[in-house]
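This structure is a prediction, so every number in the text was calculated from the model and none was measured. Counting from 1, the numbers follow the sequence of the chain as shown. Below, each value reflects all heavy atoms present in this structure, side chains not excepted, and no hydrogens, waters or symmetry copies.
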Amino acid sequence: SSNSVNFTVVAGPAITLLSPNTTTVGGPAFTLTVNGTGFASGAVVEWNATALTTSFKGATQLTASVPANLIANAATVSIAVKSGGVTSNSLSFTVVAGPALTSINPVSITGGTGAGLGPVGSCPSRVYPAGTLTVSGTGFTSSSTVDWNGQAMLTTFVSSTELTACVSSA
């Protein structure tokens with residue numbers, strides 16, 4: 001028998017958190033932060049097994065540049081880290097479809113009068129409301145707003161398929 005020599009088995013990289021862990025289809029390029037353990041200098045974040053440009057921030061954090069073309073379609077993506085030739089566990093990143101309009105009601109009104117708009121309803125008097133516009137579609141959230149020529153209107157979330165907006169008499 002010979003003398004013994006120690007052999008050390010170390011844990012490979014492990015991902016614990018992605019920030020953000022979701023984005024909307026068609027959004028701009030962004031930086032993905034990957035937190036975990038066992039990251040070494042030279043570690044690479046992988047997006048569905050494709051390497052992203054990665055910055056090593058320390059043994060517990062990496063950042064990766066996600067180009068806009070990777071979020072052009074709705075999908076669930078697998079994020080993993082390759083460090084020291086070992087691949088980590090993977091976490092899911094979701095690219096969700098954004099809101100889509102299907103109709104507005106009314107589709108026209110009488111200029112200067114607001115005739116044809118829905119009832120003023122819960123529109124506050126400070127808006128000088130002429131009435132409401134109903135917007136139908138998909139993917140609406142409680143933070144969705146209706147824009148009129150690029151300006152956000154006071155919007156009420158009715159459901160994921162309907163919003164109402166206060167139309168000013170101005």
Which distance, rounded to the nearest 0.5 Å, do you find between the [atom1] of [X] and the [atom2] of [Y]?
X	Y	atom1	atom2	value
T63	F30	OG1	CZ	12.0 Å
N21	L91	CG	CG	9.0 Å
L52	T31	CG	OG1	10.5 Å
Q61	T37	CD	OG1	13.0 Å
N35	L62	CG	CG	8.5 Å
L101	S103	CG	OG	8.5 Å

How far apart are the closest heavy atoms of [X] and [Y], and which atoms are they?
X	Y	result
L18	S92	CD1-O, 3.8 Å
A43	V81	CB-CG1, 4.1 Å
I15	I79	CD1-O, 3.5 Å
A40	S83	N-OG, 3.0 Å
T24	V95	C-CG1, 4.3 Å
T87	A80	CG2-CB, 4.0 Å

Aromatic plane relationship, F93 with W47 - under 30° parallel, 30 to 60° tilted, over 60° perpendicular: tilted
Only distances under 3.5 Å count here; give the side-chain donor-acceptor pairs of residues 150-159 to other protein atoms, sequence neighbours excluded, each with its distance to 0.1 Å.
residue : atom : partner : partner atom : Å
T155    : OG1  : V146    : N            : 2.9
T155    : OG1  : M153    : O            : 2.8
S159    : OG   : T161    : N            : 3.2
S159    : OG   : T161    : OG1          : 3.1
S159    : OG   : E162    : N            : 3.2

Find out if a path of hydrophobic residues (ILVMFWY) with successive side-chain heavy-atom gaps under 4.5 Å connects [X] to [Y].
X	Y	answer
V86	V34	no
V66	F56	yes
V96	L163	no
V120	Y128	no
V25	L70	yes

Does D147 have more than 12 heavy atoms from other residues, nucleotides or ligands lying within 6.0 Å of its CG? yes
Using a 4.5 Å cut-off on heavy atoms from C-beta on, say whether the side chain of T132 contacts that of L117. no
Are S160 and T138 packed together at the side-chain level, in the sense that at least one heavy-atom pair is separated by less than 4.5 angstrom? no
Is it true that a side-chain atom of T54 and a backbone atom of V45 form a donor plus acceptor pair closer than 3.5 Å? yes
When you measure from the side chain of T60 to the backbone N and O of G36, does any donor-acceptor pair fall under 3.5 Å? no
